[in-house]
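Working notes, structure below.
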Number of protein chains: 2
Amino acid sequence: MVTLAEVAQHAGVSASTVSYVLSGKRSISATTRRRVEESIRRLGYHPNAGARALASSRSNVIALMIPLRTDMYVPVMMEIAIAVATTARTHGYDVLLLTGEEGPDAVRRVVGSGLADGMILMDVELEDERLPLLRGDGRPSVLIGLPADTTGLTCVDLDFRATGALCVEHLAALGHRDVAVIGEAPAVYERHTGFAERTLDGLRSQARDSGVRLLHRPCEGGYATMAVTLARILDERPGTTAFVVQNESAVEPLLALLRQQGRAVPEDVSVVAICPEQVAVQASVRLTSVVIPAQEMGRYAVEHLVAKLDGRGDEEVVLIAPELTVRASSGPAPARA
Amino acid sequence: MVTLAEVAQHAGVSASTVSYVLSGKRSISATTRRRVEESIRRLGYHPNAGARALASSRSNVIALMIPLRTDMYVPVMMEIAIAVATTARTHGYDVLLLTGEEGPDAVRRVVGSGLADGMILMDVELEDERLPLLRGDGRPSVLIGLPADTTGLTCVDLDFRATGALCVEHLAALGHRDVAVIGEAPAVYERHTGFAERTLDGLRSQARDSGVRLLHRPCEGGYATMAVTLARILDERPGTTAFVVQNESAVEPLLALLRQQGRAVPEDVSVVAICPEQVAVQASVRLTSVVIPAQEMGRYAVEHLVAKLDGRGDEEVVLIAPELTVRASSGPAPARA
DNA sequence: CTGAAAGCGCTAACAC
DNA sequence: GTGTTAGCGCTTTCAG
């Protein structure tokens, strides 16, 4: 293993000079710099991460906590994780992957050990038990998602409230008066994951404003459950002419079932989805949708965290404005029977 | 920040004693141990990761390199990643997440800096440019996937050759003589990702042995492309009575299209999928399938890597035997026309 | 613009 | 069964 001292010797300079060449924290003559850089290359030197962390009390690692559950919005999470990892690299950070499993202990461990300089948490619940640890003094953190109380926290998320409103607004404008909402699995609501409830808020309040009747039903993914849910909805509200779907694994089943029942999309019923772009585009009907900006959220989260780590801190809640893209699944409400 | 020295002082023992209580590398009297543990708790001590890594030249971190592409088998990768992370924790390791983006440089960086003690690589190509770095001396590594030449490497993967064979065998036994294979996207084959080619091998050789005619077509996910692919297949081989699908995002489109064309599954055509269990179970028809054992692969990979790190090394290729689960999508071939 | 040297917090001989 | 101590490789004052 090549050490900084060896590089120094090889280049005929002192250790500190090599260190400063690396960090750029003081000016170095062009000649010296070149000699040192040459030695570094020749010897294949890589600074030792542990030593560096010990001496500087910075690990250049950020921790990313992802939920354990693989049952929900998996592609979104993956996309976020990848965006976080690549963005982090461009800022000189590596990413430590933590699963929610350990809960608050993981936060304590990582922060306490100096394994990471800061952390990004996904899948935040409204009353998340990890929040107290983040609020106080601890290391900087950024949440992807919005808890009930955001004081002292930095959060990034899609504005799900506005998203819900936007969906209803779109449908109302097309003349729909009876809208059904296919939501996430019941467990998601029970767990009080913020985004689901906020979407619902947005849907409801806009529905009130637009004179739209709303029926909300959580739904596990898959055909079997979707079939039951749909039957129930059409039973309770036979006049339903539009659906808002916030559940990736319910999208395709819904479309198939509608088709089977001879309900044409968008002539007889409209469908608006809240989902990643790929899902919207690859579905059997190109879906009018509000896209979940996974990459953007990941990038944002890292950039805010890095800013905080650099002392350019700012406690702030960033809500990304939703954008509704009209595709082939939504159209004017059919004439009343 | 609480240091080991402070714990030692608080407990009235020496630093080394605290260290040994923590590592268990020498015997400690029950009394001392209790006193130390109490002090650790009371002071909220967490060993500093950097210092520990520096002194012991072990970081207790393993690196996981995942592919950048989010277009392919995303849920599988996510499942593997999570299995890796949780298994690693049970062995006292944390996981560093690397994207394939940096390529071989990432390997050099991580290994050279001692950031991680070993690494797990996913999405290995047949002639992967990272392999030379892993083969030689370097830190221990485990591949998930199988390159062309495995000498000096440890690999874990589903036995895709056997998987292909198993699918054909199943269909042949049911009397099918014309089988079409819906494969991964063309890019996957062009990139020479091993698993796709090995599956094809298995399919083909078993087809020869069983007197089955095989037609293989790569396919991007989604409805539009699947429709084109299917039309072409039925045009070339109108007698096709069975499909093997190895492409998650083609499964549902295929089923929907067959339905639209009035071909009943499994009465008119059989479908066998190679996919994660969830996909097989949640599809519109419960699919006869060979499951991709993502969790098992992740777990295995970590356990082998940890074994290597502990000196219980073993260069070895582990191929997990495929298991075909018969569900509702396969049945006897229809009587010949 | 460059050197010298004091730690950072922990591990692992080496002593007893 | 426990204490002492010499580093691990780097960063960062303090000097010049």
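A note on names: the letters A, B, ... follow the listed sequences, proteins ahead of strands, and every chain is numbered from 1.
Comparing Tyr45(A) and Ser27(B) by the nucleotide of DNA chain D whose heavy atom lies nearest to each, the residue mapping closer to the 5' end is Ser27(B).
Considering only side-chain atoms of Thr17(A), the nucleotide from dG3(C), dT11(D), dC10(C) that sits closest is dG3(C). Side-chain proximity of Asn48(A) to dG9(C), dT2(C), dC10(D): nearest is dC10(D). For Thr3(A), the listed nucleotide lying nearest its side chain is dG9(D); candidates were dT11(D), dG9(D), dT11(C). When the nucleotides dC10(D), dC8(C), dC1(C) are ranked by their closest atom to the side chain of Leu54(A), dC8(C) comes out on top.
Summarising the geometry, the separation between NE2 on His46(A) and P on dC10(D) is reported as 12 Å, rounded to the nearest angstrom. Rounded to an integer number of Å, the gap from Asn60(A) CG to dT11(D) P is 10 Å. Residue Arg34(A) contributes atom CZ, which lies 15 Å from atom C1' of dC1(C) at whole-angstrom precision. Rounded to whole Å, the distance from CZ on Arg35(B) to P on dT2(D) is 9 Å. Rounded to an integer number of Å, the gap from Ile40(A) CD1 to dG9(D) C1' is 14 Å. For the pair Tyr20(B) OH and dG1(D) P, the computed distance is 14 Å after rounding to whole Å. Going from atom CZ of Arg26(A) over to atom C1' of dT13(D) covers 10 Å, rounded to whole Å. In this structure, Ile28(A) atom CD1 and dT12(D) atom P are separated by 14 Å, rounded to whole Å.
Between Ser29(B) and dT2(D) there is a side-chain polar atom (N or O) within less than 4.0 angstrom of OP1 or OP2. Contact between the side-chain N/O atoms of Arg52(A) and the OP1/OP2 oxygens of dT11(D) is found at a separation under 4.0 Å. In this structure, Ser14(B) reaches the dG3(D) phosphate: one of its side-chain N or O atoms is under 4.0 Å from OP1 or OP2. The side chain of Lys25(B) places no N or O atom within less than 4.0 Å of a non-bridging phosphate oxygen (OP1 or OP2) of dT11(C).
Looking at Glu37(A) and Arg34(A), no side-chain N of the basic residue comes within less than 4.0 Å of a carboxylate O on the acidic one, giving no salt bridge.
Two residues are said to be in side-chain contact when any heavy atoms from C-beta on lie closer than 4.5 Å; Asp123(A) and Asp128(A) fail this criterion. When side chains are defined from C-beta on, Leu134(B) counts as touching Leu143(B), because their heavy atoms get closer than 4.5 Å. Side-chain contact check for Leu319(B) versus Asp157(B): some heavy-atom pair is nearer than 4.5 Å. In this structure, Arg89(B) and Arg109(A) have side chains that are in contact, with non-hydrogen atoms separated by less than 4.5 Å.
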For nucleotides 5-7 of chain D, list the nitrogen or oxygen atoms of the protein found under 3.5 Å from its nitrogen or oxygen atoms, one pair per line.
none

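Enclosure of atom CD in Glu127(A) is not indicated, since only 12 or fewer non-hydrogen atoms of other residues, nucleotides or ligands lie within 6.0 angstrom.
Without hydrogens or angle criteria, Thr87(A) side chain to Val84(A) main chain gives no donor-acceptor distance under 3.5 Å. With Glu6(B) contributing its side chain and Thr3(B) its backbone, the two residues share a donor-acceptor pair below 3.5 Å.
Here Ser23(A) lies out of heavy-atom contact (under 4.0 Å) with every strand. Ser57(A) comes within 4.0 angstrom of no nucleic acid atom, judged by non-hydrogen atoms across all strands. Heavy atoms of Val18(B) sit nowhere under 4.0 angstrom from any nucleic acid atom.
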